[in-house]
Participant: 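First, the structure itself, so that you have it in front of you.
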Amino acid sequence: MARAALPQAVLCFMHPVKTARAIAEAYHEHGVRTFSLDTVEELEKIISATADAEGNPAADLRLCVRLRVSSEYAELSLASKFGVDLADAAPLLQATRQVADWLGVCFHVGSQAMTPFAFVQAIERVRAAIADASVVIDMIDVGGGFPSIYPGMEPPPLEDYFHIIHRHFEALPIAYNAELWCEPGRALCAEYSSLIVRVEKRRGDELYINDGAYGALFDAAHVDWRFPVNALEDDLIEPVEEFSFYGPTCDDADFMKGPFLLPADIQAGDYIEIGMLGAYGAAMKTAFNGFGNAQAVIVQDEPMASLYRGDRADPRQSDNVVSLR
Ligand SMILES: Cc1ncc(COP(=O)(O)O)c(C=O)c1O
């Protein structure tokens, strides 16, 4: 899909746990050269899956060792699942250097990192790993974690993240022509996609709505994410009150704690826009009990909130300004 959409793109396979078949297909059929890994086992798998028909190892592998870093400044942890511990990183970096034409170090500070310091701390761990291993590093990939803006979560401007990352990258003991990469997920797509739901019933400060935990509101239910909401009726009056939501299935788990701020007189029959659903919105929608049978309508609208405001004091310093209002 990526190749079809962007024929010139450099494709990277950055999941540290891959099947041999997927690696072989990526390398031999789709021209992927860049892979990430966090164990010797994965390194060996990559070497054998990318060898040619005679068993000669590939000479053009671009490999990234994923280092485990803290998720303490992020709203969603990515610290447990992947990454080699600093204590074990040196032998893995050295073994990878032996077979890689180009060697990178990558990490992920956790999703929705609320302060640029998350990246400073991670880059310092990278520095320790490189010093331990004494290998030449051609690329540092600071991963994802770049935040978006939601009710109750207002991070500093993205420019502050970029600035601090550049400064600490420049000070690393790496090749003079080393590249700095990142893998933004949320920051690219958080502002995309709204859901219009109908209030089916009100019980005090709880609203029963027609989508939920098994639909496009997975994150609202399962990680208590607070999406921005907006009542679509003109005649609703202030002040706003805090509400939680129940989805359409029969179990208590179909619950979204919020709080979601809506007009105090909201009631059954009213419609609500729930915004900023991002990648885990429509993609998570199940067909459970037929509830997934919704109609998608493509409209053009500003996001309900944006970290791309273009209100930095000196926009010339900014890399991320998309519109100056
Ligand atoms: C390897 C990798 N890179 C990038 C991302 C994107 O992260 P984020 O959405 O926090 O920017 C993820 C998210 O799971 C990931 O696993």
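Below, all heavy atoms of this structure are taken into account, side chains as well, without hydrogens, waters or symmetry copies. Read the numbers this way: they start at 1 and go in the same order the structure lists the ligands and their atoms.
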Participant: Report the nearest protein non-hydrogen atom to atom 15 (C) of ligand 1: residue, atom name, distance rounded to 0.1 Å.
Facilitator: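 Result for atom 15 (C) of ligand 1: His108 CD2, 3.8 Å.
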Participant: Could you tell me whether Pro184 approaches ligand 1 through its side chain, its backbone, both or neither, with non-hydrogen atoms closer than 4.0 Å?
Facilitator: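 Just the backbone.
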Participant: When you measure from atom 16 (O) of ligand 1 to every protein heavy atom, which one gives the shortest distance, and what is it?
Facilitator: Leu78 CD2, 4.0 Å
Participant: In terms of heavy-atom contacts, does CG of Asn56 have more than 12 from other residues, nucleotides or ligands at under 6.0 Å?
Facilitator: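 Yes, because the 6.0 Å sphere around CG of Asn56 holds more than 12 heavy atoms from other groups.
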Participant: Do you see a donor-acceptor pair shorter than 3.5 Å between the side chains of Tyr214 and Asp251?
Facilitator: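 Short answer, yes.
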Participant: Looking at ligand 1, is there an atom of it that comes within less than 4.0 Å of some heavy atom belonging to Gly145?
Facilitator: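 For ligand 1, residue contact (heavy atoms, under 4.0 Å) with Gly145 is present.
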Participant: Are a donor atom and an acceptor atom from the side chains of Glu206 and Ser244 found within less than 3.5 Å of each other?
Facilitator: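 Absent: no donor and acceptor within the cut-off.
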Participant: Hey, what's the ring geometry for Phe107 with Phe119, parallel, tilted or perpendicular (30° and 60° as the breaks)?
Facilitator: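 Judged by the thresholds at 30° and 60°, the geometry between Phe107 and Phe119 is tilted.
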Participant: What is the closest protein heavy atom to atom 10 (O) of ligand 1, and at what distance does it sit?
Facilitator: Ser111 OG, 2.7 Å
Participant: Identify, by atom number and element, the atoms of ligand 1 in contact range of Arg186, meaning under 4.0 Å from any of its heavy atoms.
Facilitator: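 It comes down to these atoms of ligand 1: 8 (P), 9 (O), 11 (O).
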Participant: Heavy-atom contact check, 4.0 Å cutoff: does His15 meet ligand 1?
Facilitator: no
Participant: Please indicate whether any nitrogen or oxygen in Gly185 is less than 3.5 Å from any nitrogen or oxygen in ligand 1.
Facilitator: yes
Participant: Once you restrict to heavy atoms under 4.0 Å, what part of Arg66 touches ligand 1? Side chain, backbone, both or neither.
Facilitator: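 Just the side chain.
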Participant: Let me confirm one number: the CD1-CD distance from Ile149 to Glu191, rounded to the nearest 0.5 Å.
Facilitator: 9.0 Å
Participant: Identify the closest protein heavy atom to atom 1 (C) of ligand 1: which residue and atom is it, and at what distance?
Facilitator: Glu183 OE1, 3.3 Å
Participant: Which of these, Glu25, Glu42, Glu41, sits in a salt bridge (charged side-chain N to carboxylate O under 4.0 Å, His left out) with Lys18?
Facilitator: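 Only match with Lys18 under salt bridge (charged side-chain N to carboxylate O under 4.0 Å, His left out): Glu42.
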Participant: Please examine the side chains of Phe245 and Phe255, heavy atoms only from C-beta on, and report whether any two atoms are closer than 4.5 Å.
Facilitator: no
